[in-house]
**Student:** 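The structure under discussion is supplied below as structure tokens; questions concerning it will follow.
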Amino acid sequence: MNFKVTKTEKSRFENINYETLGFGVHFSDHVFISRYKDGKWDDGAIEPYGLLPFEPGLCVFHYGQSIFEGLKAFESLKGGVNIFRPDMNVNRLNRSAEIVCIPTYDEERLLAGIRELVKIDAKFIPRKKGQSLYIRPVVFGSGHFLGVTAASEYHLIVMTSPVASYYAAGLNPVKIMVSTDHVRAVQGGVGAAKTAANYAASLWAGMDAHKRGFSQVLWLDGVNRKDIDEVGAMNIMFVIDDELITPSLSKGTVLAGVTRNTVLTLAKEFGMKVSERNISIDEVAEAHANGRVKEVFGTGTAAVISPVGLLEYKGKEMIFNGMKIGPVAQKFYDTITSIQYGEVEDTHKWNQHVDL
Ligand code: COI
């Protein structure tokens, strides 16, 4: 597939200090952009990253019809670039689209657009292990109209951002507050979609948690506030005895994480007992009291693996693995990152390779 390419006149590259990258602060020179009008998406094109002309009546400003994705590209040790499991992300983007009534996008075209974008802005890909090029596709209603209805025009934009660790703590275990006052999603709602509303809904609880010295919130189900859904913007995993347990996707309140899927696949290959099932905060508290909870960690594209060292629930603290990263979390982190950076053979064919 060939795309029309308009190159930037002034590169942003020189303004980036790769020693102090942070997460999502800098953007590369170009975007892949496609517009939906009169019932169809155009072919998509590469254009300079920059301002877009929108009116105050833009649909997404008012009613939040917006979905996004997050995936990563790595400089491969074997040369060229590895984009990790982009087919999973573009497929999930379309599943999110269906949930918030956005027209789906041709997955092969989007994958080709992402590859072209990564190639054009390859100089932005960090060289250091632990850093990567974060790829952020976003799709939003871009008609101008105040009626509450699905928009008739949309923009799809893929931007890229050279990033370091998502959490300043890196792989150090974080302290998490179990939220009993706020919920992220309810059955029948939009919890399974990577849509702006879920992130807006998480901010209040996240700020409360920060004020109290916690990094993030553990989300319980929206009805009984007992079953565990997610942690922050990540999926959550528990190692209890020798079983790896993560909440199932069946209720539609949990995002189908790509890293979640990667970890579950690897865990089965490592010979672990793996369960996708309901797990309540009471079950975790009881197993912790009996010394059976070996490790807890979050999984997500941005942080990869984020060990949870402490959970606070109704004023009581549970500490896991002495607030240190455990061997299971470490093994998943090492295995996943060594595949991403091309240090070991990619037996699952998870990387899409881009030659430079
Ligand atoms: C991810 O880990 O992919 C996320 O979605 C986090 C993002 C919201 C920064």
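Indexing begins at 1, ligand by ligand and atom by atom, following the structure's order.
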**Student:** Using a 4.0 Å cut-off to any heavy atom of Gly300, which atoms of ligand 1 qualify?
**Tutor:**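 Selected atoms, number and element: 2 (O).
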**Student:** Considering only protein heavy atoms, which is closest to atom 9 (C) of ligand 1, and at what distance to one decimal place?
**Tutor:**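 Answer, as residue, atom name and distance: Tyr166 CE1, 3.5 Å.
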**Student:** Heavy atom to atom 5 (O) of ligand 1, shortest distance: which of Lys194, Glu69, Met234, Arg136 holds it?
**Tutor:**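 Considering heavy atoms of Lys194, Glu69, Met234, Arg136, the nearest to atom 5 (O) of ligand 1 sits in Lys194.
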**Student:** Could you tell me if Lys331 sits above the aromatic ring of Phe270, with its cationic atom closer than 6.0 Å to the ring centre and no more than 45 degrees from the axis?
**Tutor:**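 Pair Lys331/Phe270 counts as cation-pi.
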**Student:** Backbone or side chain, does any N or O of Phe68 fall under 3.5 Å from an N or O of ligand 1?
**Tutor:**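 No, no N or O pair falls under 3.5 Å.
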**Student:** Looking only at protein heavy atoms, identify the closest one to atom 2 (O) of ligand 1 and say how far it is in Å.
**Tutor:**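 For this ligand atom, the closest protein heavy atom is Ala302 N, 2.9 Å.
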**Student:** State the atoms of ligand 1, each with its element, that fall below the 4.0 Å cut-off from a heavy-atom position in Tyr199.
**Tutor:**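 Contacts of ligand 1 toward Tyr199, numbered from 1: 8 (C).
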**Student:** Do Thr8 and Asp29 have a side chain donor and acceptor closer than 3.5 Å?
**Tutor:**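 The answer is no; no qualifying pair exists.
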**Student:** Rounded to the nearest 0.5 Å, how far does OG of Ser306 lie from CE of Met237?
**Tutor:**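 Atom-to-atom, Met237:CE and Ser306:OG are 12.5 Å apart.
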**Student:** With heavy-atom distances below 4.0 Å as the criterion, list the atoms of ligand 1 near Thr301.
**Tutor:**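 In order of numbering, the contacting atoms are 1 (C), 2 (O), 3 (O).
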**Student:** Taking atom CG of Leu171 and atom CZ of Phe297, what is their separation to the nearest 0.5 Å?
**Tutor:**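 Reported to 0.5 Å precision, the distance equals 11.5 Å.
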**Student:** Against Asp242, only a single residue in Lys273, Lys294, Arg292 fulfils salt bridge (charged side-chain N to carboxylate O under 4.0 Å, His left out); can you say which?
**Tutor:**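 Answer after filtering Lys273, Lys294, Arg292: Lys294.
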**Student:** Cut-off 3.5 Å, side chains only: do Tyr105 and Ser34 have a donor facing an acceptor?
**Tutor:**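 A pair is found: one side chain offers a donor N or O, the other an acceptor, under 3.5 Å apart.
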